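Please read all numbers here as calculations on a predicted model, not as lab measurements.
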Amino acid sequence: MALVIDEIDRAAPARRPLDRPAGYHRWHNLLFVHWRLDPAIIEPMLPRGLSLDTWDGSAWIGLVPFAISGLRPYWFLPVPGVSAFNEINVRTYVYYRGGNPGVWFFSLDATSVLAARVARWRWRLNYFSTDMRLRQSGDIIHYEALRRQRGSKAGARVVARIGTQLDQGPEQRVPGQAKPGTLTHFLLDRYILYAQQGAGPLFTAQVHHAPYCVREAHLLACEQTMLAASGIMPDEPPSHVAYCERADVEVFPLRRV
């Protein structure tokens with residue numbers, strides 16, 4: 001059974017770990033598109049040990065396209081042609097043993113074949129190789145992706161208009177940052193990932209970055225089969241859309257739960 005949102009400590013994961021990072025990279029042009037679903041649909045799809053993190057009694061599924069640059073391990077410099085690529089993922093929100101709220105990825109698609117293979121091997125994440133384009137003209141941004149896997153029809157075409165910086169009233173601590181206790185904060189402020197290969201053990205890792213500077217966004221087009229490829233079939237249009245221009249990220253080592 002899902003916990004009441006106020007019972008979960010959502011501040012602790014945002015604190016930077018004291019460990020040395022495993023690597024660094026930068027995220028650009030992040031578009032967060034979310035659907036509301038019945039928890040009974042998603043809960044059976046989670047690994048044993050993880051519980052569904054819900055908002056307003058609903059599960060939330062995100063489609064998040066963006067670009068990555070400057071990818072490198074802590075001991076090396078970025079490599080041209082390897083350290084920058086586009087990515088799109090399908091995700092939901094979970095917690096472990098009453099705490100540690102984080103992200104469970106149903107799929108992640110990257111334009112870098114090498115990055116996808118390394119992430120599958122080293123980080124135990126469900127990565128695929130994809131063709132993906134990202135282009136922006138003024139306040140309109142386009143994402144197009146098509147998975148390279150033979151026989152797969154997984155893909156997406158998403159177009160959005162980027163709006164003004166998020167304004168959540170006088171109690172908003174920093175302009176653009178999502179206020180704790182809001183749906184935007186629940187969906188975007190996630191600093192823990194969980195990973196598992198097959199029926200193997202469950203792993204976790206922490207990422208650290210400054211809270212997103214969020215902008216409003218409005219969908220102009222959203223045609224996608226990425227969710228269906230993971231067995232998820234929303235029966236309503238997306239319920240929440242947001243955008244972030246950039247985040248500088250530290251990734252900490254993967255550890256067995």
Side-chain angles (χ1 to χ4, degrees), residues 2 5-6 8-16 25-37 42 50 52-56 58-68 86-95 99-108 125 134 141 143 156 158 160-169 171-194 204-219 222 224 226-227 234 237-252:
I5 185 172
D6 292 339
I8 299 176
D9 183 352
R10 300 186 182 277
R15 302 184 190 116
R16 186 185 184 280
H25 55 269
R26 182 171 294 142
W27 296 334
H28 306 264
N29 304 110
L30 300 105
L31 186 70
F32 300 87
V33 183
H34 281 93
W35 287 260
R36 181 196 294 263
L37 280 91
I42 304 302
L50 291 182
L52 191 63
D53 199 359
T54 62
W55 175 276
D56 193 25
S58 296
W60 292 83
I61 300 297
L63 180 72
V64 184
F66 62 105
I68 291 176
N86 295 333
E87 180 171 317
I88 185 168
N89 63 60
V90 176
R91 58 202 275 177
T92 195
Y93 304 105
V94 296
Y95 61 87
N100 301 306
V103 177
W104 172 256
F105 293 102
F106 289 105
S107 67
L108 308 96
L125 291 167
L134 187 163
I141 191 161
Y143 306 85
V158 183
R161 173 178 286 113
I162 309 307
T164 58
Q165 189 170 272
L166 185 68
D167 182 359
Q168 295 187 318
E171 295 181 5
Q172 190 175 27
R173 293 174 298 181
V174 179
Q177 288 186 12
K179 186 170 65 176
T182 63
L183 176 58
T184 301
H185 186 271
F186 172 86
L187 295 173
L188 272 60
D189 281 59
R190 297 280 167 166
Y191 303 91
I192 295 174
L193 65 84
Y194 293 95
T204 186
Q206 192 162 348
V207 298
H208 179 76
H209 57 81
Y212 291 123
C213 183
V214 184
R215 302 182 73 87
E216 296 179 351
H218 306 278
L219 287 180
C222 184
Q224 60 81 31
M226 289 286 189
L227 274 65
S239 301
H240 187 278
V241 187
Y243 177 83
C244 176
E245 184 69 31
R246 166 178 162 170
D248 295 311
V249 183
E250 296 176 285
V251 182
F252 289 83

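- Closest of all the heavy-atom pairs between G102 and R190 is O-NH1, 3.3 Å.
- Interatomic distance, C244 SG to L188 CG, rounded to the nearest 0.5 Å: 8.0 Å.
- The line from CG of L108 to CE of M226 is 10.0 Å long, rounded to the nearest 0.5 Å.
- Contact of the Y243 side chain with the V241 side chain is not registered, since no non-hydrogen atoms from C-beta on lie closer than 4.5 Å.
- Residues E245 and C213 have side chains not in contact (no heavy-atom distance under 4.5 Å, counting atoms from C-beta outward).
- With ring centers used as reference points, W60 lies 6.0 Å or more from H240.
- Between Q224 and the choices I88, L63, V90, the side-chain contact (heavy atoms from CB on, under 4.5 Å) rule is met once, by L63.
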| So F252 and Y191, side-chain contact (heavy atoms from CB on, under 4.5 Å) or not? Walk me through it. | CA-CA 10 Å; F252 289 83; Y191 303 91; over 6 Å; no
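- Here the side chains of W104 and L52 are not in contact, with every heavy-atom distance at 4.5 Å or above.
- Annotation for Q165 and P175: closest pair NE2-CB, 3.2 Å, computed over non-hydrogen atoms.
- Under the 4.5 Å side-chain criterion, counting only non-hydrogen atoms from C-beta, L219 is in contact with P238.
- Here L193 contributes atom CG and T204 contributes atom OG1; the two are 6.0 Å apart, rounded to the nearest 0.5 Å.
- The ring of F186 has its center no closer than 6.0 angstrom to the ring center of H34.
- Within the 4.5 Å cutoff, the side chain of F66 has heavy atoms near those of the N89 side chain.
- Distance check, rounded to the nearest 0.5 Å: CG of L30 to CZ of R246 gives 12.0 Å.
- The CZ atom of R36 sits 5.0 Å away from the CG atom of D56 when rounded to the nearest 0.5 Å.
- Of all heavy-atom pairs between A178 and L166, the closest is CA-CD2, 3.9 Å.
- Across every non-hydrogen atom of A67 and N86, the tightest pair is CB-OD1, 3.4 Å.
- Contact check for W35 versus S58: no side-chain heavy atoms found under the 4.5 Å cut-off.
- Checking each of I8, D189, I192 against P13 for a side-chain contact (heavy atoms from CB on, under 4.5 Å) leaves exactly one that passes, namely I192.
- Considering CD of E250 and CD of Q206, their distance stands at 10.5 Å, rounded to 0.5 Å.
- Judged by distance alone, the side chain of R26 and the main-chain N or O of D248 form no donor-acceptor pair under 3.5 Å.
- Looking at D53 and R10, their side chains come closer than 4.5 Å, going by heavy atoms from C-beta outward.
- A donor-acceptor pair is defined here as one N or O able to donate and one able to accept, closer than 3.5 Å; no such pair exists between the side chain of E87 and the backbone of V64.
- Between P211 and V174, every side-chain heavy-atom pair lies at or beyond the 4.5 Å cut-off.
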